[in-house]
A.B. asks: 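Handing you a structure now.
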Amino acid sequence: MALKLQCCCFCICLVIFQGLGFWASQIEARALAEMSMVDRHEQWMAQYGREYKDAAEKEKRFLIFKNNVELIESFNKAGDKPYKLSINQFADLGDEEFKATRTGYKSPTGQRPSSNTEFMYNNVTDVSPSMDWRVKGAVTPIKDQGSCGCCWAFSVVAAMEGITQLKTGNLVSLSEQELVDCDNNNYGCNGGNLDKAFQFIIQNQGLTTESNYPYEEMDGTCNGEKAADHAAMITGYKDVPSRNEQELLMAVAKQPVSVSIEGSGYPFKYYSSGIFTGECGNNLDHAVTLIGYGVNEEGTKYWLVKNSWGTSWGENGYMRIQRDVAEKEGRCGLAIEPFYPTA
């Protein structure tokens, strides 16, 4: 009897010991994973030159980073979408903070002038099956708006650089900072819209070059002398008929086009490669430029987008986003408010 009791006690102790060992190994594994994430955060900070003001700020950023990394890696591991995400320069930013500093589009209020609704490409029939205005020499290298919410300026400037090259044969990098500083109808780093930006350029009789009026990533006082040194001009701008991707295609076949988009949310801000088919709405908060279109080997149609978040985002700063979707607004609302300059 005593022997049986001793055996039972031994078995119970063994089970408890093994159980404790199991949980200890689990805790150790989690600790190692956590340490690995800390190391990854440190490496990421070094890669993007990120510094924090104190330990509390660093801890806050680490938790955001950890959550975003887990979300991104879970998405990529599933592998059930035609695009990938990456742990880019935005990985330690919360959603609202990102929207406030990396986007900046504000939809115009009131009715636009009726002259802007005339669509000059309505009867275009020679639409090529694909277009890339980079290959045609009408697109300047990718720029980076940084933490200034002036995407609207970058979108308009890219479209103007395109039409200028098509009319003159010269590709000139134009000044976004001139718009940020001098366009008093928009709000600089606090946002703006495409309508008013094009109107300013027309009233100002052009824009100066990037080199003459370089980008500062902040609001500044308008330098009238530099702003008067025009390097390019436009005669007007037009709407592409809203919610019509076929007519938008006709316009992009002829020149780069400014569009607004919902670009502040997940997964858009972590896009890395492939054709973006992700979930997004029509709450327009970002502006980009359509610089082409095409079809991949699987037959998926896409728009080619030039963004203003630097080359570490997307496909070296560009995005391919699904074209001809069922929703009339286009993927992420890109067909709602398109504009193109005339010269």
A.B. asks: Would you give the length of the straight line joining atom CG of Leu93 to atom NZ of Lys269, rounded to the nearest 0.5 angstrom?
C.D. replies: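 One gets 7.0 Å once the value is rounded to the nearest 0.5 Å.
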
A.B. asks: Any salt bridge between Lys77 and Glu73, counting N to O under 4.0 Å?
C.D. replies: no

A.B. asks: Distance only, no hydrogens: is a donor on one side chain within 3.5 Å (strictly under) of an acceptor on the other, for Ser173 and Thr140?
C.D. replies: no

A.B. asks: Does the Lys NZ or Arg CZ of Arg331 fall within the cation-pi geometry relative to Tyr302 - under 6.0 Å from the ring centre and within 45° of the axis?
C.D. replies: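 Output no; distance or angle outside limits.
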
A.B. asks: Are the side chain of Asn185 and the backbone N or O of Lys196 linked by a donor-acceptor pair below 3.5 Å?
C.D. replies: no

A.B. asks: For the residue pair Ala91 and Ile87, what are the closest heavy atoms and their distance?
C.D. replies: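 Smallest heavy-atom distance, with atoms named: CB-CG2, 3.9 Å.
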
A.B. asks: So that I can tick it off, tell me whether Lys60 and Asp54 are bridged by a salt bridge, with the cut-off set at under 4.0 angstrom between side-chain N and carboxylate O.
C.D. replies: no

A.B. asks: Nearest 0.5 angstrom please: Ile321 CD1 to Cys332 SG, how far?
C.D. replies: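 Result: 4.0 Å between the selected atoms.
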
A.B. asks: Answer with yes or no whether the side chains of Glu59 and Tyr52 bring together a donor and an acceptor at under 3.5 Å.
C.D. replies: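 No, no side-chain donor-acceptor contact under 3.5 Å.
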
A.B. asks: Determine whether more than 12 heavy atoms belonging to other residues, nucleotides or ligands lie under 6.0 Å from atom OH of Tyr187.
C.D. replies: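 No, because the 6.0 Å sphere around OH of Tyr187 holds 12 heavy atoms or fewer from other groups.
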
A.B. asks: Are Tyr83 and Pro267 packed together at the side-chain level, in the sense that at least one heavy-atom pair is separated by less than 4.5 angstrom?
C.D. replies: yes

A.B. asks: Checking side-chain polar atoms at under 3.5 Å, does Asp285 have a donor or acceptor matched by the opposite partner on Ser264?
C.D. replies: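 The criterion, which ignores hydrogens and geometry beyond distance, is satisfied for Ser264 and Asp285.
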
A.B. asks: Would a 4.5 Å heavy-atom cut-off, applied to side chains only, mark Arg61 and Met45 as touching?
C.D. replies: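 Counting from C-beta outward, Arg61 and Met45 never come under 4.5 Å.
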
A.B. asks: Checking Asn186 side chain against Asn193 main chain: does a donor-acceptor pair fall under 3.5 Å?
C.D. replies: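 Between the backbone of Asn193 and the side chain of Asn186 there is a qualifying donor-acceptor contact (under 3.5 Å).
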
A.B. asks: Under a plain distance cut-off of 3.5 Å, with no hydrogens placed, do His41 and Asp92 share a side-chain donor-acceptor pair?
C.D. replies: no

A.B. asks: Any carboxylate oxygen within less than 4.0 angstrom of a Lys/Arg side-chain nitrogen, looking at Lys301 and Glu245?
C.D. replies: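 No.
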
A.B. asks: Do Val305 and Arg320 have side chains that get closer than 4.5 Å, going by heavy atoms?
C.D. replies: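 No; the side chains remain at least 4.5 Å from each other.
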
A.B. asks: Is there a donor-acceptor pair under 3.5 Å between the side chain of Glu337 and the backbone N or O of Ser242?
C.D. replies: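 Checked: no pair found.
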
A.B. asks: Determine whether a donor-acceptor pair (N or O, by modelled atom type, separation under 3.5 Å) exists between the side chain of Gln177 and the backbone of Glu216.
C.D. replies: yes

A.B. asks: Report yes or no: do Glu178 and Thr208 form a side-chain donor-acceptor pair below 3.5 Å?
C.D. replies: no

A.B. asks: If you count heavy atoms of other groups shown closer than 6.0 angstrom to NZ of Lys226, is the number above 12?
C.D. replies: yes

A.B. asks: What I want to check is whether the side chains of Tyr121 and Gln255 have a donor and an acceptor closer together than 3.5 Å.
C.D. replies: yes

A.B. asks: So that I can tick it off, tell me whether Glu161 and Lys143 are bridged by a salt bridge, with the cut-off set at under 4.0 angstrom between side-chain N and carboxylate O.
C.D. replies: yes

A.B. asks: Between Glu217 and Ser147, is any side-chain donor less than 3.5 angstrom from a side-chain acceptor?
C.D. replies: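 Yes, side-chain donor-acceptor contact under 3.5 Å.
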
A.B. asks: Any donor-acceptor pair under 3.5 Å linking the side-chain atoms of Ser128 with those of Tyr293?
C.D. replies: yes

A.B. asks: Is there side-chain contact between Thr289 and Val257, with at least one heavy-atom pair below 4.5 Å?
C.D. replies: no

A.B. asks: Would you give the length of the straight line joining atom NZ of Lys81 to atom CG of Asn76, rounded to the nearest 0.5 angstrom?
C.D. replies: 12.5 Å

A.B. asks: Just checking, is any N or O donor in the side chain of Tyr237 or Asp195 under 3.5 Å from an acceptor N or O on the other one?
C.D. replies: yes

A.B. asks: Please answer whether the main-chain N or O of Ser258 pairs with a side-chain N or O of Ser155 as donor and acceptor at a distance below 3.5 Å.
C.D. replies: no

A.B. asks: Do Ile202 and Ile234 have side chains that get closer than 4.5 Å, going by heavy atoms?
C.D. replies: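 In short, these two side chains touch, coming nearer than 4.5 Å.
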
A.B. asks: What's the separation between atom CZ in Phe98 and atom CH2 in Trp309, rounded to the nearest 0.5 Å?
C.D. replies: 3.5 Å

A.B. asks: State the CG-CD distance between Asn296 and Glu298, to the nearest 0.5 angstrom.
C.D. replies: 4.5 Å

A.B. asks: Are the two sulfur (SG) atoms of Cys222 and Cys182 closer than 2.5 Å?
C.D. replies: yes

A.B. asks: Over 60° means perpendicular and under 30° means parallel, so tell me whether Trp313 and Tyr271 are parallel, tilted or perpendicular.
C.D. replies: tilted

A.B. asks: Side chains of Asp229 and Tyr213 only: does a donor on one sit below 3.5 Å from an acceptor on the other?
C.D. replies: no

A.B. asks: Are Asn307 and Ile142 close enough that some pair of their side-chain heavy atoms sits under 4.5 Å apart?
C.D. replies: no

A.B. asks: Could you measure the distance from the CE atom of Met233 to the CD atom of Gln205? Nearest 0.5 Å is fine.
C.D. replies: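 The distance works out to 6.5 Å.
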
